[in-house]
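What follows is one structure encoded as structure tokens, with my remarks underneath.
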Amino acid sequence: MDQYRVFGNPIKQSRSPFIHQSFALATEQVLNYETQLAEINGFTKAVTDFIAQGGKGANVTAPFKEQAMAMCDELTEHAKFSGAVNTLTFKDGKIYGDTTDGVGLVNDLLAHDVCLENSQILLLGAGGASKGVVLPLLNQNPKSLTIANRTVSKAQAIVEQYANQPLLACSFEEANEQVFDIIINATSAGLTGNGLPIAESLITTNSVCYDMTYGKALTPFLQKAQALRAKKVIDGLGMLVGQAAESFYIWRGIRPNVNSVILKLKSSMSQE
Ligand code: NDP
């Protein structure tokens, strides 16, 4: 049976086996998908061992996405831009790398009828998750994409990678003085909400608020958005399933339906 893994540290919390086994069942693909904890200094060896055992592909999560990129023989343009890889394919003795988080995010926004074209988008955070979504968001032709980060230089570094694009970097304070159609939280302050310095005036009844983080309950950012009557309040569960669907497509050549799996996952999470 074809073997796939997701490597991370920690990894116990990963929903990827549930998602991929559900995709496999729905598309009648015979495969096995498991989590694998890699030691902090043992990621490359863990992947190499898996390849030697006949592994067909792997997902990679924190903190190994940059190391995964360094292992690849070939990278997609998108992976090169984002500086991180979450999908590895092992074929003909080579390692191919891609990143699917951005496609997962864009597809989820579109599935929620969020218009990206000509919109003013604010992306909070400039870590790995932000880097991975910039190009797919720009490909939707927004009016502007502004990256606000606590450490502004990190947002500036992302902007410098792209020429002739409506891409800007700023501090949270500067973002608070502007108006945006869509606000995407890509900070790791997602679950705790600690110190995310968002002014109430930033969120209006016309705002679409998206949090890449997800959980049983609304995240603090989305709670705030809901209290301020934001037009749409969306968590990152659809992005998670969407990025997995894109990985599945890369490996198996079939695009699984995400809606039924999102519902299954929501129901499973509500029973935990
Ligand atoms: P990183 O560690 O690479 O980046 C963290 C970012 O959060 C940095 O920009 C950091 O700012 C910022 N940050 C952290 N704490 C605070 C705070 N208190 N106030 C303001 N900013 C803060 O993480 P990732 O980019 O990999 O992941 C970010 C989030 O996205 C995670 O919660 C992750 O679970 C989620 N995610 C969800 C996915 C999905 O499929 N739904 C996919 C990928 C990620 P600074 O640079 O100043 O330190």
Side-chain angles (χ1 to χ4, degrees), residues 6-16 18-20 40 59-69 78-79 82-87 98-109 111-112 122-137 146-159 169-176 183-199 202 209-216 218-222 224 233-248 258 261-262 265-266 269:
V6 55
F7 291 90
N9 188 332
I11 198 62
K12 241 169 85 181
Q13 80 292 349
S14 175
R15 311 268 174 193
S16 293
F18 180 95
I19 297 170
H20 280 277
I40 290 299
N59 283 129
V60 182
T61 188
F64 301 123
K65 288 183 181 179
E66 284 84 5
Q67 284 184 56
M69 180 165 172
H78 182 195
S82 64
V85 155
N86 79 338
T87 306
D98 202 347
T99 178
T100 63
D101 286 339
V103 177
L105 171 72
V106 166
N107 285 347
D108 195 37
L109 284 164
H112 283 89
L122 173 62
L123 186 58
L124 305 173
S130 289
K131 283 184 200 160
V133 302
V134 167
L135 188 59
L137 284 172
T146 303
I147 307 174
N149 198 43
R150 185 173 57 181
T151 314
V152 183
S153 57
K154 285 197 203 167
Q156 281 162 343
I158 299 178
V159 170
C170 70
S171 64
F172 279 93
E173 291 75 19
E174 286 165 316
N176 279 332
I183 305 166
I184 301 168
N185 181 23
T187 70
S188 52
L191 273 182
T192 60
N194 285 343
L196 201 57
I198 302 288
L202 197 61
C209 293
Y210 192 103
D211 201 330
M212 287 193 189
T213 306
Y214 51 84
K216 240 169 146 173
L218 278 186
T219 63
F221 168 62
L222 294 184
K224 187 169 186 170
V233 165
I234 311 164
D235 74 13
L237 198 67
M239 173 179 174
L240 175 78
V241 178
Q243 60 80 25
E246 205 56 26
S247 296
F248 192 90
V258 292
V261 179
I262 293 171
L265 196 52
K266 270 188 188 154
M269 283 167 70

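We count ligands from 1, going down the list as the structure has it; atoms in each ligand are counted the same way. One-based numbering along the sequence shown.
For Arg150, a nitrogen or oxygen atom sits less than 3.5 Å from a nitrogen or oxygen atom of ligand 1, counting backbone and side chain alike. The N/O atoms of Thr151, backbone and side chain alike, include one that comes under 3.5 Å of an N/O atom in ligand 1. For Leu237, no nitrogen or oxygen atom sits less than 3.5 Å from a nitrogen or oxygen atom of ligand 1, counting backbone and side chain alike. Residue Ala129 has at least one N or O atom closer than 3.5 Å to an N or O atom of ligand 1. At a 3.5 angstrom cut-off on N or O pairs, Asn149 counts as close to ligand 1. Looking at Gly125 next to ligand 1, no N or O pair under 3.5 Å apart turns up.
A search for side-chain contact (heavy atoms from CB on, under 4.5 Å) contacts involving Val133 returns Leu105, Leu123, Leu137, Met212, Met239, not counting sequence neighbours. For Asn86, the side-chain hydrogen bond (donor to acceptor under 3.5 Å, both in side chains) test picks out Thr100, Asp101, Gln243, with sequence neighbours left out.
Residue-level proximity to ligand 1 for Thr213 is carried by the side chain, the only part with a heavy atom below 4.0 angstrom. When non-hydrogen atoms are compared, ligand 1 lies under 4.0 Å from the side chain of Lys154 (C-beta onward) but not from its backbone. Residue Thr187 touches ligand 1 through backbone and side chain together, judged by heavy-atom distances below 4.0 Å.
Checking Gln243, Met212, Gln13 against atom 41 (N) of ligand 1, the nearest heavy atom belongs to Met212. When the options Ala186, Ser16, Gly242 are ranked by their closest heavy atom to atom 28 (C) of ligand 1, first place goes to Ala186.
In this structure, Asp211 contributes its side chain and Thr219 its backbone to no donor-acceptor pair below 3.5 Å. No donor-acceptor pair closer than 3.5 Å links the side chain of Lys266 to the backbone N or O of Leu237. Between the side chain of Asn176 and the backbone N or O of Ala199 there is at least one donor-acceptor pair closer than 3.5 Å. For Gln67 (side chain) and Phe64 (main-chain N/O), no donor-acceptor pair under 3.5 Å exists by modelled atom type.
If you check the side chains of Ser16 and Asn59, you find no donor sitting under 3.5 Å from an acceptor.
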Checklist entry - After noting the C-alpha distance and the side-chain angles of Thr213 and Phe221, does the key distance pass the side chain to side chain contact (heavy atoms under 4.5 Å, CB included) rule? => result CA-CA 10 Å; Thr213 306; Phe221 168 62; over 6 Å; no
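For Gly104, the heavy-atom gap to ligand 1 stays at 4.0 angstrom or more.
With contacts defined as side-chain heavy-atom distances shorter than 4.5 Å, the pair Val258/Asn107 does not qualify.
In summary, the atoms of ligand 1 found under 4.0 Å from a heavy atom of Ala126, numbered by their order in the structure, are 9 (O). The distance from ligand 1 to the heavy atoms of Leu240 drops below 4.0 Å at these ligand atoms: 40 (O), 41 (N).
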